[in-house]
Amino acid sequence: MRTLITGGLIARADGVFNADLLIEDERILELGERLHERAQPDGTQIVDVSGCVVVPGGIDAHTHVNLTVGGAHVSDGFEAGTLAAAWGGTTTIVEHPGFGPQGCGLPDQPAAYLEEAEGQCRVDYALHGVFRHVDETVLEQVPGLVAQGVPTLKAYTTYDGRLNDEGLLRAFAALKDAGGLLAVHCENHAITRFLGERLRREAPRDPRSHPQSRPAPCEAEAVDRILKLAETADAPVYVVHLSTAEGLARIREAQRAGRPVIAETCPQYLLLDESAYAESDGLKYVMAPPLRTAADRAALWEGLADGSISVAATDHCSFSLAQKRAAETVFDCPGGIPGVETRLPLLYSEGVLRGRLTLPRFVEVTATAPARIMGLTSKGRLEPGADADVTVIDPGDERLVRAGNLHQQTDFTPYEGMVVRGWPRHVWLRGEPIIFARRACGYTGQGRFVPRSL
Ligand SMILES: [Zn+2]
């Protein structure tokens, strides 16, 4: 199968130029200025994308499309979650499993998720691992998991499955030895407990109690400590969903000192702020870390533009508003928001079109850097030999974001009512169209597991 994508503006992390892009079977064969003038073999599909921007298929390095917490399951699952990803121009997700049962082995959750994902996905997928405790057995399981293509593991500094400092140090060291990378959710558990207990008595149903129980120092303290622990273990670290200017300042200091520190943020922390919790449906925005101030938003945009933040992922976790409303207090509310479908359009519209990100930087943070950092070696680049994962963005396509018009299986979107320009018109997954002329044309099970190596 051969496809010639002609007339578009090719956007790569290293620059932007007008060229045609030729796909053969699953790979990109060639980029060139006038490939359309050359005779192509019979059966070559020619797709004119004049006026559009051609980018590598998005890589969402942080999703929870299949999460269960305390008996509550997210409303999408692998099939619907990956279909929403496809609609949003994302061709690979890297899924974070939830905590397994207490005492479970390190490979258990990735194995369970692999089984559940099998035959269900509409885009390619990879998996992270997760620590819920650290002991000799778990540490001995690290190299095996890394060798099976799961080289990134997540640790939490809060929740029941949190690691203490000693556990974190041992996790850093074990992953470093095995050629892996520790991703850390940074919030100070004692602060959330101390403030949370007080607010649970004083204002248990006020959505504003949620951000008040996890204020900026809660993240900044944990970021600071994690950076020092990583330095002690002489290991690299990946900070997930960074939300504060203060945390970013600590990360910049470590990066300036030459430490291998990678930061990720998400559209919600760039586009929304804590005033949202005062809305009548403020429960929608219950997520951890919570939304911050306008000053934090501005700082994160700067960090994303200047390279101190490398990755824009989503932390997509689609508990419904109905599930959130059913909780007795805001502290019992399942946390998380949907976002896998809106990530690229939001970052294009609010980032590129508003001059906060250059087009190459947009490509870098949404595809090229996450592919490189996560070890998705054949993805995230428009160049010969790479997987033909290609998204064509139509910059003239302006839409009002409405939950009902999206394909995410949730009853809300945190971006309801926003006007967004630049939606995917076509999306190819390894050379096959999965969205064409804004119609879904892929199939369930088309997405493959991608083993990774760093
Ligand atoms: Zn997450």
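All ligand and atom numbering here is 1-based and tracks the order in the structure. Sequence positions, counted from 1, serve as the residue numbers for this chain.
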Report the name of the N/O/S atom of Asp315 located nearest to the Zn ion (ligand 1). OD1

Ring centre gap for His210 and Phe331 strictly below 6.0 Å: no

Are the aromatic ring centres of His241 and His62 under 6.0 angstrom apart? yes

Pairwise side-chain contact, Arg297 with Leu272, heavy-atom cut-off 4.5 Å (strictly under): no

Does NZ or CZ of Arg162 come closer than 6.0 Å to the centre of the six-membered ring of Tyr156, within 45° of the ring's axis? no

Near the Zn ion (ligand 1), is there an N/O/S atom from His62 that is less than 2.8 Å away? yes

Closest N/O/S atom of His64 to the Zn ion (ligand 1), by atom name? NE2

